[in-house]
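Before any comments, here is the structure.
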Amino acid sequence: MKAVVLAAGQGTRIRPLSDSVPKPMLPVADRPLVAHTIDAAIDAGADEVVLVIGYEADTVRDYFGAEYRGVPVSYAVQTEQAGTADAVNAARDHIEGPFAVLNGDNLYDPAAIDQLFEQCPAVCAVEVDDPRNYGVLSTEDGSVTGIVEKPDEPPTNLANAGAYAFPAEARQWLEVPASERGEHEITDVLATVIDEFDVTPVTLERWLDVGRPWELLEANEWKVSDLERRIDGDVSDDATLEGDVVVEAGATVKAGVVIEGPALIRSGATVGPNAYVRGATLVDEGAKIGHSAEVKNSVLSPDASVSHLSYVGDSVLGRDVNLGAGTNVANLRHDDADIKFTVKGERVSTGRRKFGVVAGDEVKTGINSSLAPGLKLGTGATTRPGETVDRDR
Ligand code: TTP
């Protein structure tokens, strides 16, 4: 079966991280987010991957090329991001026979993707306590009988997880009218498939839709925790590595460093001396943690640097970020309330008691900067030495 993977979106809710890197290419453990989706499809037996690209398309194309893990990869360009059905329709010339459609910004439980392919026609669903904010499936006698968007009175607690195995006939049903929000939606294609075929619901044990910055952190918590201990890099005899720590070949861990796994230190990264790394932390290629710095449950994108005597917790740092010496990130409020974050101009709860900062590419902080919880620093933003920053910039 061919797998059509949607990766054309602009990722507006995850800005500034997506300012120049498309959301599906943001780092999740040792590979881009969308590579986890494609891996699940290949493990389930996909014999070709069709990537729908648009926003920052070349970054995706350059990474996967014409073949990935021995499976041919082709590309369809969606010129305007007019919705998920429009995205699949952009790939229609690549489709023949039954085909799967997967969101390139979702992490799926790989066993369920196996089931999805086997049970075609099928759709993945996840059981949620309150499905009112999702597309909700109704079912009868083990088949899907309908899908309704964001219902006030959900028929089940099965939320649509954005993974579909369609019969060949669905190729003719890709042109659907725009929905109320003005997008051509794949769920309208699914509705026709449900009318014409017996569609099986496949329940996912675990699923994550990465839309906002803290969900990228959660994606890393998931995938970094899945790694098994492997020490291939240059690690000082005076460093202590506990639990599932991966130090890739070409990474350096200096004397006095303590790393409590799960943690991933990628090739070209340097930690220490005397640094403390804990929680599910990703230190990506070329990133640096300096002397006596502490980094907890965070993502350091390629070439990000946390200088000596700094603390970073529950944060996402973009590429080439440079935190000056003594920069301190606060990740907890005195009143213990959930940390809020600004998404497209609106303050929303992250649902997390602990959340630090999101720094776009090339942010630079002055020495001894204090950064408030839930702070967003846009691409290239700077702070002055000794500054306390509690407003986004
Ligand atoms: P969304 O998460 O709805 O859109 P997005 O990724 O652009 O993010 P944001 O809402 O923050 O701007 O998209 C779901 C999936 O579908 C995702 O993998 C991107 C993909 N997609 C396309 O490929 N083309 C499109 O026109 C749209 C709307 C989404």
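Whatever order the structure lists ligands and atoms in, that order sets their numbers, starting from 1. Values below: all heavy atoms of this structure, side chains included; hydrogens, waters and symmetry mates excluded.
Ligand-side atoms of ligand 1 in range of Thr84: 16 (O), range being under 4.0 angstrom from any heavy atom. Close approach of ligand 1 to Lys23 (heavy-atom distance below 4.0 Å) involves ligand atoms 2 (O), 5 (P), 6 (O), 8 (O). For ligand 1, the atoms lying closer than 4.0 Å to a non-hydrogen atom of Glu183 are 28 (C).
If you check which protein heavy atom lies closest to atom 1 (P) of ligand 1, you get Arg13 NH2, 4.0 Å. Protein heavy atom at the shortest distance from atom 23 (O) of ligand 1 is Ala8 N, 3.1 Å. For atom 13 (O) of ligand 1, the closest non-hydrogen atom on the protein side is Asp105 OD2, 4.2 Å. Nearest protein heavy-atom neighbour of atom 20 (C) of ligand 1: Leu6 CB, 3.7 Å. Ranking the protein heavy atoms by distance from atom 15 (C) of ligand 1 puts Asn103 OD1, 3.6 Å first. Looking only at protein heavy atoms, the nearest one to atom 5 (P) of ligand 1 is Gly11 N, 3.7 Å. The protein heavy atom nearest to atom 26 (O) of ligand 1 is Gly83 N, 2.9 Å. Among protein heavy atoms, the minimum distance from atom 19 (C) of ligand 1 is reached at Gly9 N, 3.8 Å.
Glu175 has a carboxylate O that lies under 4.0 Å from a charged side-chain N of Arg92, or vice versa, which qualifies the two as a salt bridge. At a threshold of 4.0 Å, the pair Glu221-Arg352 counts as salt-bridged, since one of the basic side-chain nitrogens sits closer than that to a carboxylate oxygen. Between Glu96 and Arg171 there is no salt bridge, since no side-chain nitrogen of the basic residue lies less than 4.0 Å from a carboxylate oxygen of the acidic one. Between Lys23 and Asp105, at least one side-chain nitrogen of the basic residue sits less than 4.0 Å from a carboxylate oxygen of the acidic one, meeting the salt-bridge criterion. With respect to Asp336 and Arg353, a salt bridge is recorded, a charged nitrogen being found less than 4.0 Å from a carboxylate O. Between Asp244 and Arg229 no salt bridge is recorded (no basic side-chain N to carboxylate O distance below 4.0 Å). We find that Asp284 and Arg319 are not joined by a salt bridge, their nearest charged nitrogen and carboxylate oxygen being 4.0 Å or further apart. Ion pairing between a basic and an acidic side chain is recognised when a charged N comes within 4.0 Å of a carboxylate O; Lys340 and Asp338 show no such pairing.
Closest to atom 24 (N) of ligand 1 by heavy atom, among Gln81, Glu185, Gln78, is Gln78.
Within the 4.0 Å cut-off (strictly below), a protein heavy atom is located near atom 8 (O) of ligand 1.
In this structure, the side chains of Val257 and Thr240 stay at 4.5 Å or more apart for every pair of heavy atoms.
At a 4.0 Å heavy-atom cut-off, ligand 1 touches Ala87 through the side chain alone. Contacts between Pro24 and ligand 1 below 4.0 angstrom, taking non-hydrogen atoms only, are absent altogether.
Close N/O approach between Ala82 and ligand 1 is found [any backbone or side-chain N/O within under 3.5 Å]. For the pair Gly104 and ligand 1, the shortest N or O to N or O distance falls below 3.5 Å. Residue Thr12 has at least one nitrogen or oxygen atom sitting less than 3.5 Å from a nitrogen or oxygen atom of ligand 1, judged on distance alone.
Below 30°, between 30° and 60°, or above 60°: for Tyr68 and Tyr63 the angle between ring planes is between 30° and 60°, a tilted geometry. Between Trp207 and Tyr134, the ring-plane angle classifies as tilted under the 30° and 60° cut-offs.
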